[in-house]
Asker: 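Have a look at the structure that comes next, please.
Numbers here are sequence positions counted from 1.
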Amino acid sequence: MSLSYGRALAAALLAVVGVSSPAHAKTTYPFQNPKLSLSTRVDDLLGRLTLDEKVSLLHQYEPAIPRLGVKAFKTGTEALHGVAWSTDIHNNGAVVTARGTVFPQAVGLASTWNPALIKQVGSAVGDEARGYNTLNPDVWGLQLWAPVVNLLRDPRWGRNEEGYSEDPYLTGAISTAYGSGIEGPDPDHLRAAPVLKHYLANNNEANRDTTSSDLRPRVENEYDRKAFSAAISADAATGVMASYNLVNGRPNTVSPDLNDVVRTWTRRDLLNVSDAGAPNNLVGSEKYYPTLAEGDAAALKAGLDSFTTDDTNAGPTTTAVKEALSTGLLKESDVDTAVRHILSIRVRLGDFDPDGGPYARIGTDVIDSPAHRKLARQTADQATVLLKNSGHALPLSARAGTKVAVVGPLENTLYTDWYSAALPYEVTPLDGIRERLGSTGTVTDSEGTDRIALKDVDTGKYVTAGTGPSGAALKESATSPDTTTQFDVFDWGQGKLTLRSVANGEYAGRYNGGDTIVNDQAQPNGWYVQQMFTLEKQNDGSYLLRYAGYETDESWYGDKRYLRAGDDGTLVLATKDEASHFSRDVVRSGTDQAVKAAKGADAAVVVVGSMPFINGREAHDRTTMALAESQENLIKAVRAANPHTVVVVENSYPTTLNWEQANVPGILWTTHAGAETGHAVADTLFGDSDPAGRLTQAWYRSDGDLPDLLDYDIIKSDRTYQYYKGTPLYPFGHGLSYTSFRYGDLRVSSAGGRVTATVKVTNTGKRAGDEVVQLYTHQRTSRDKEPVRQLRAFQRVHLAAGESATVRLTFQTADLAHWDVTRDRNVVETSTYDVLVGASSADIRQRAALRVNGEIIPARDLAKPTRAVDFDDYQGVRLVDETKERGDAVGATGGDWLRFTDVSLGAGAATFTGSTASAGGGSIEVHLDSPTGPLAGTATAAATGDVYRYATTTAALHGAKGRHDVYLVFRGDLRLSTFSLR
């Protein structure tokens with residue numbers, strides 16, 4: 001498609017919608033006067049609204065209020081790496097997909113380690129959001145649900161592609177850049193309003209609406225909250241989306257953090273939203289409240305302002321809120337508070353300005369503009385990571401006569417993901433390499449996929465597909481093989497296959513939720529991916545064709561999961577016993593074709609990776625980090641055929657590339673990087689762009705290196721690069737260059753609460769390149785377990801060959817703080833801190849020592865009431881909600897224990913006093929120095945009949961004096977909120 005596409009689209013759209021200027025609209029009320037202050041305008045409009053009108057604004061689809069000239073307003077346009085999609089109130093909430101600039105996936109944006117560039121990306125996204133809003137404001141709202149700042153704690157998380165990094169500092173820097181770009185430079189007006197997703201600790205998809213993430217105070221304050229606080233504190237985001245999951249037993253939809261924590265990070269009003277359908281989960285899957293009125297009231301009072309639920313139907317929400325008002329669960333002032341937050345953002349968006357505000361003049365010509373295409377290519381270039389380059393395998397030569405083989409299942413395909421727009425044009429890796437070599441070189445290619453025909457062993461007939469663009473129901477009809485009976489098999493691992501019909505180039509899948517299979521899709525897609533199959537080999541050598549679109553165990557699926565030929569030959573869903581048996585006739589071996597293409601080439605480029613709708617996404621975690629077995633086998637075969645083999649891995653998460661790292665000369669990694677993916681791959685392969693992308697997560701060697709997916713305690717489980725003590729395959733911050741860099745002496749100084757590190761970096765190679773200079777710290781001594789190292793600052797610098805630059809990296813002394821559970825606050829301890837500067841978390845080039853005179857954490861004083869969750873260590877306990885409104889407690893069963901380190905018991909503590917709740921009763925033993933150490937006393941906790949009904953439990957203590965670690969060992973099933981030893 002030509003570069004004039006964007007301009008042509010803009011002209012066509014303008015002609016259709018007939019955009020006109022609102023410049024002559026009149027100001028009638030004070031809230032429509034841009035010269036008045038924000039608070040004055042909000043107060044004026046709020047005072048004019050009736051209670052019913054105010055309640056109507058609490059749903060995602062806010063209706064117009066014609067009597068005041070207030071237009072309809074919609075929250076929630078998806079814009080994770082470009083404007084992606086939204087929903088249409090006039091079409092039952094149907095998804096409307098954008099067709100604009102698609103930047104690299106979010107994890108790719110962060111892989112640039114370039115906040116200045118990502119701010120430009122955010123600005124482009126904000127412009128295109130305005131362009132689409134001009135086209136149709138009812139669909140394309142200006143409150144954007146992006147970015148996702150959940151930390152990439154576990155690479156198996158299905159939504160790894162949506163986040164930035166496992167590190168909160170890097171996540172904060174990139175999210176702040178993206179969000180501030182979206183908002184624009186005007187402090188009083190918003191180009192668009194970014195919302196951070198998903199608060200809080202939302203890193204598993206399995207049972208995501210009912211699982212609880214246990215966050216001890218240190219993890220919560222040092223890790224998960226930090227990812228969200230940066231953009232909010234910098235006024236680079238205008239609210240958060242409460243996530244589906246529970247934290248410490250309480251659904252985030254009613255988390256008091258929304259008010260008590262998030263709103264303390266800024267003086268501006270925030271508009272917090274629910275995730276889709278989450279309010280109804282409170283009375284549904286979570287069973288946290290008995291009625292929607294109680295649930296919605298609790299959410300509103302906790303700090304949720306806008307309810308995304310029941311699609312376009314606001315009725316259930318407004319009815320529930322009105323019931324809560326009539327029964328005293330809510331006051332009108334509670335509604336006023338939420339509406340004030342909503343109106344504040346709408347004022348800043350120019351929603352009530354007569355001329356629409358300063359950004360209203362942005363038109364549709366910005367959508368997929370030439371400038372945005374250029375920016376997308378630049379971003380994809382900078383996001384590419386060179387993982388390995390042995391023997392100068394890269395960059396490839398583009399001299400005349402060069403022959404390059406490009407093979408693999410992603411060599412000539414670009415995939416979009418769940419939060420991506422449709423691609424307005426495509427440059428595949430094959431396209432990019434062909435363009436780069438031009439007429440002076442030769443490119444051979446193969447997708448490396450088997451082409452097969454399926455023949456019913458009983459009837460002898462072949463499965464046949466339709467030839468038109470819309471395909472047809474697959475049917476056993478042909479008695480001899482031809483192109484209509486052939487399918488290209490794409491293996492995505494763990495037995496999941498997709499079948500692309502040779503007849504029309506479309507993928508086969510279940511049609512419209514019926515029982516037939518039709519070849520009619522350009523790529524696998526949809527919330528339930530209907531284009532997945534498994535070929536199950538039987539003892540007699542035949543195969544059953546299992547439909548694998550049943551991604552989750554939905555009750556309505558039934559047992560019809562296989563395919564059989566109906567009376568007329570049409571393939572229909574059936575039980576396993578009824579399934580037809582097929583022979584798998586290989587028409588063409590993909591491996592043989594790839595090897596043939598690779599032999600004799602100057603270089604073989606193998607492009608492998610993931611299909612974003614299949615290999616993990618929203619609602620689907622991964623169970624392995626491995627490549628599909630057939631992809632790894634393809635790499636091995638091509639490497640055997642051509643020693644100059646380079647692997648390009650195009651996926652969204654760390655991958656266990658152990659064989660490849662040991663045997664393949666060159667390895668590149670990129671995310672699914674949008675329409676410009678192929679240009680970026682070619683730019684990097686041929687050295688037109690120096691690879692300076694860096695990994696934002698550690699890449700492990702084995703799935704066994706990771707603890708359980710639901711274990712959120714990164715400190716105790718030694719998780720993420722901060723605490724991991726093993727040797728990863730590729731460390732956090734890793735990435736190679738085509739040139740080399742020397743680091744000079746490191747100088748560190750501290751003044752006025754700021755630490756400054758300077759280091760001279762020299763490009764010692766023969767070509768220009770970028771280096772990402774990274775600064776980490778390590779605290780040598782501490783009362784508490786500290787990270788092995790932690791990122792504090794970074795800078796991406798461009799240096800010509802032989803050029804030097806003095807890089808200045810700064811951070812605040814206060815950044816060295818960690819959460820002191822003995823006093824419930826951040827503390828910077830007196831200690832020596834190693835300041836480490838280098839090219840990755842494992843490639844440290846220079847180090848210096850920094851002495852900080854901070855605090856010494858005193859011995860614990862358990863004589864005062866102490867929260868049970870403020871423990872130092874534990875075994876077996878769960879963190880639970882103290883009450884439904886607020887507070888955390890410890891839930892424990894027999895044998896579980898808590899440790900409180902370095903407790904000063906003085907001359908002797910005589911009494912244990914605890915606040916306990918238990919349905920059936922239990923006891924708490926107080927031990928000294930170990931869970932089986934001297935028993936100081938046993939407190940019997942009576943049954944309270946309700947886990948939220950607490951009673952005081954006491955016990956006499958003996959021998960509890962001096963300085964000890966104190967262990968509380970639980971017997972029975974009970975909750976402990978607070979306790980003391982006096």
Asker: Between H198 and R208, is there a side-chain donor-acceptor contact under 3.5 Å, judged purely by atom types and distance?
Answerer: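 There is no such pair (donor and acceptor under 3.5 Å, judged by atom type) between the side chains of R208 and H198.
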Asker: How far apart are the closest heavy atoms of A421 and G100, and which atoms are they?
Answerer: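 Of all heavy-atom pairs spanning A421 and G100, the closest is CB-N, 4.2 Å.
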Asker: Strictly distance-based, threshold 3.5 Å: is any side-chain N or O of T238 a donor or acceptor partner for the main-chain N or O of P194?
Answerer: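 Side chain of T238 to backbone of P194, a donor-acceptor pair under 3.5 Å: yes, one is there.
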Asker: Give a yes or no on whether the backbone of L375 and the side-chain of T379 come within a donor-acceptor separation of less than 3.5 Å.
Answerer: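 Here the side-chain-to-backbone pair exists.
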Asker: Main chain of T101, side chain of R373: is a donor-acceptor contact present, judged purely on distance under 3.5 Å?
Answerer: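 No: the side chain of R373 does not pair with the backbone of T101.
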Asker: Under a 3.5 Å distance rule, please check whether N272 uses its side chain to pair with a backbone N or O of D305 as donor and acceptor.
Answerer: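 Between the backbone of D305 and the side chain of N272 there is no qualifying donor-acceptor contact (under 3.5 Å).
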Asker: To the nearest 0.5 Å, what is the distance between OG on S123 and NE2 on H372?
Answerer: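 Interatomic distance, S123 OG to H372 NE2, rounded to 0.5 Å: 6.5 Å.
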Asker: With rounding to the nearest 0.5 Å, note down the distance linking CG in N160 to CG in N150.
Answerer: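 These two atoms lie 11.0 Å from each other.
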Asker: E323 and L329: side chain to side chain contact (heavy atoms under 4.5 Å, CB included), yes or no, with the steps?
Answerer: CA-CA 8 Å; E323 180 183 340; L329 292 170; over 6 Å; no
Asker: Going through the checks in order, is the side chain to side chain contact (heavy atoms under 4.5 Å, CB included) test met by M241 and K197?
Answerer: CA-CA 5 Å; M241 173 186 283; K197 295 163 56 171; 3.9 Å; yes
Asker: Decide, yes or no, whether a salt bridge links R267 with D235 under the criterion of side-chain N to carboxylate O below 4.0 Å.
Answerer: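 Salt bridge between R267 and D235, a charged N being under 4.0 Å from a carboxylate O: no.
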Asker: Under a plain distance cut-off of 3.5 Å, with no hydrogens placed, do N204 and N245 share a side-chain donor-acceptor pair?
Answerer: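 No, no side-chain donor-acceptor pair sits under 3.5 Å.
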Asker: Donor-acceptor check, side chain of Q143 to backbone of V195, threshold 3.5 angstrom: yes or no?
Answerer: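 Such a contact is absent between Q143 side chain and V195 backbone.
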Asker: Give a yes-or-no answer on whether the side chains of Y425 and E676 include a donor-acceptor pair shorter than 3.5 Å.
Answerer: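 Y425 vs E676: donor-acceptor pair found between side chains.
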Asker: I want to check something: taking the side chain as every heavy atom from C-beta on, are V70 and L45 in contact at a cut-off of under 4.5 Å?
Answerer: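 They are in contact (side-chain heavy atoms under 4.5 Å apart), so the answer is yes.
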Asker: Flag the pair P256 / R250 as yes when at least one side-chain heavy-atom distance between them is below 4.5 Å, and no otherwise.
Answerer: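 Yes, side chains in contact.
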Asker: Please determine whether a side-chain nitrogen of the Lys or Arg among D269 and R348 lies less than 4.0 Å from a carboxylate oxygen of the Asp or Glu.
Answerer: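 Between R348 and D269 there is no salt bridge, as every charged N stays at least 4.0 Å from the carboxylate O atoms.
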Asker: Do D520 and Y511 come close enough that some side-chain heavy atom pair is under 4.5 Å?
Answerer: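 Touching, per the 4.5 Å side-chain cut-off.
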Asker: Could you measure the distance from the OG1 atom of T337 to the CG atom of L300? Nearest 0.5 Å is fine.
Answerer: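 Reported value, rounded in 0.5 Å steps: 8.0 Å.
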Asker: Is it the case that the side chains of Y415 and S420 hold a donor-acceptor pair, with the cut-off being a distance below 3.5 Å and no angle test?
Answerer: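 Absent: no donor and acceptor within the cut-off.
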Asker: What's the verdict on side chain to side chain contact (heavy atoms under 4.5 Å, CB included) for N92 and D311, showing C-alpha distance, side-chain angles and the deciding distance?
Answerer: CA-CA 7 Å; N92 298 317; D311 297 322; over 6 Å; no
Asker: With a distance cut-off below 6.0 Å to the six-membered ring centre and an angular limit of 45° from the axis, does R130 pair with W140 as a cation-pi contact?
Answerer: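 No, R130 does not sit over the ring of W140.
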Asker: My understanding is that only residues two or more places apart in sequence, or in another chain, count here; which of them pass side-chain contact (heavy atoms from CB on, under 4.5 Å) with A201?
Answerer: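 Expected list: S213, L215, D224, V247, Y712.
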Asker: Do E162 and W157 have side-chain heavy atoms sitting under 4.5 Å apart?
Answerer: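 Counting from C-beta outward, E162 and W157 never come under 4.5 Å.
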Asker: Check this for me, if you would: do D368 and R99 make a salt bridge, where the nitrogen-to-carboxylate-oxygen distance has to be below 4.0 angstrom?
Answerer: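 A salt bridge is absent here (no side-chain N lies under 4.0 Å from a carboxylate O).
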Asker: Looking at A276, is its backbone amide N or carbonyl O close enough to the side chain of Y244 to form a donor-acceptor pair, meaning the two atoms are under 3.5 Å apart?
Answerer: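 Side chain of Y244 to backbone of A276: a pair is present.
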Asker: Report the C-alpha distance between L58 and V339 in whole Å, list the side-chain angles of each, state the deciding distance to 0.1 Å, and finish with yes or no for side chain to side chain contact (heavy atoms under 4.5 Å, CB included).
Answerer: CA-CA 7 Å; L58 300 178; V339 173; 4.0 Å; yes
Asker: Which heavy atom of D417 sits nearest to which heavy atom of P612, and what is that distance?
Answerer: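 Scanning both residues, the minimum pair turns out to be CB-CB, 3.6 Å.
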Asker: Got more than 12 heavy atoms from elsewhere within 6.0 Å of NZ, K119?
Answerer: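 Not more than 12 within 6.0 Å, no.
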Asker: Are the side chain of D88 and the backbone N or O of H90 linked by a donor-acceptor pair below 3.5 Å?
Answerer: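 Answer holds: yes.
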Asker: Can you tell me if N281 and T253 form a side-chain donor-acceptor pair at under 3.5 Å?
Answerer: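 Side chains of N281 and T253: no pair found under 3.5 Å.
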Asker: What are the two closest non-hydrogen atoms of A320 and D296, and how far apart are they?
Answerer: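 Where A320 meets D296 most closely, the heavy atoms are CB-OD2, 3.5 Å.
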Asker: Can a donor-acceptor pair be found, under 3.5 Å and without considering hydrogens, that links the side chain of Q105 to the backbone of H672?
Answerer: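 Checked: pair present.
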Asker: Is there a side-chain contact between E294 and K884 (heavy atoms, below 4.5 Å)?
Answerer: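 Result no, sub-4.5 Å side-chain heavy-atom pair not found.
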Asker: Grab the two heavy atoms, one from S243 and one from N252, that are nearest each other, plus how far apart they are.
Answerer: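 What the structure gives for the nearest pair is OG-ND2, 2.8 Å.
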Asker: When you check the gap from the basic side-chain N to the acidic O, do D44 and R48 get nearer than 4.0 Å?
Answerer: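 So D44 pairs with R48 through a salt bridge.
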Asker: Does any part of the side chain of V240, heavy atoms only, come nearer than 4.5 Å to the side chain of L270, both counted from C-beta?
Answerer: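 Contact flag for L270/V240 side chains = no.
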Asker: Please give me the minimum heavy-atom distance between P147 and S175, naming the atom from each residue.
Answerer: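 Minimum heavy-atom separation between P147 and S175: CG-CB, 4.0 Å.
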Asker: Consider side chain to side chain contact (heavy atoms under 4.5 Å, CB included). Of L349, V347, L343, I342, which one does I345 pass it with?
Answerer: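 For I345, the side chain to side chain contact (heavy atoms under 4.5 Å, CB included) test succeeds with only one of L349, V347, L343, I342, which is L349.
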Asker: When rounded to the nearest 0.5 angstrom, what is the spacing between CG in D275 and CG in D209?
Answerer: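 That separation rounds to 10.5 Å.
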Asker: Kindly indicate, with the supporting measurements, whether the criterion salt bridge (charged side-chain N to carboxylate O under 4.0 Å, His left out) is fulfilled by K322 and D52.
Answerer: CA-CA 8 Å; K322 289 176 182 178; D52 282 351; 3.5 Å; yes
Asker: Measure the CH2-CH2 distance between W418 and W85 for me, rounded to the nearest 0.5 Å.
Answerer: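 Answer rounded to 0.5 Å: 6.0 Å.
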Asker: Check whether NZ of the Lys or CZ of the Arg R510 lies under 6.0 Å from the centre of the six-membered ring of Y528 and within 45 degrees of that ring's axis.
Answerer: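 R510 over Y528 ring: no.
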Asker: Do S255 and L200 come within less than 4.5 Å of each other through their side chains, counting heavy atoms only?
Answerer: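 Heavy-atom side-chain distance check fails, nothing below 4.5 Å.
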Asker: Can a donor-acceptor pair be found, under 3.5 Å and without considering hydrogens, that links the side chain of T264 to the backbone of V261?
Answerer: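 Checking the backbone N and O of V261 against the side chain of T264, a donor-acceptor pair under 3.5 Å is found.
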Asker: Does the pair K301/E885 count as a salt bridge with the N-to-O cut at 4.0 Å?
Answerer: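 No.
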Asker: Apply side-chain contact (heavy atoms from CB on, under 4.5 Å) to P185 and list each qualifying residue two or more places apart in sequence or on a separate chain.
Answerer: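 Residues passing side-chain contact (heavy atoms from CB on, under 4.5 Å) with P185: R191, Y359.
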Asker: Provide the closest heavy-atom pair for R263 versus L258 in the form atom of the first, atom of the second, distance.
Answerer: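 Minimum heavy-atom separation between R263 and L258: CG-O, 3.4 Å.
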Asker: Say you draw a straight line from OG1 of T28 to CZ of F352; how long is it, rounded to the nearest 0.5 Å?
Answerer: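 Between T28 OG1 and F352 CZ, I get 13.5 Å after rounding to 0.5 Å.
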Asker: If the test is salt bridge (Lys or Arg N to Asp or Glu O under 4.0 Å), which one of K71, R346, R41, K35 qualifies with D353?
Answerer: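 The passing option is R41.
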Asker: Does Y178 use its side chain to pair, donor to acceptor, with the backbone of L80 at less than 3.5 Å?
Answerer: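 Looks like yes, one N/O pair under 3.5 Å.
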Asker: Is there side-chain contact between K54 and L46, with at least one heavy-atom pair below 4.5 Å?
Answerer: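 Yes, side chains in contact.
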Asker: If we count only N and O atoms by modelled type, under 3.5 Å, do the side chains of Y419 and E618 hold a donor and an acceptor together?
Answerer: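 Yes, E618 and Y419 have a side-chain donor paired with an acceptor closer than 3.5 Å.
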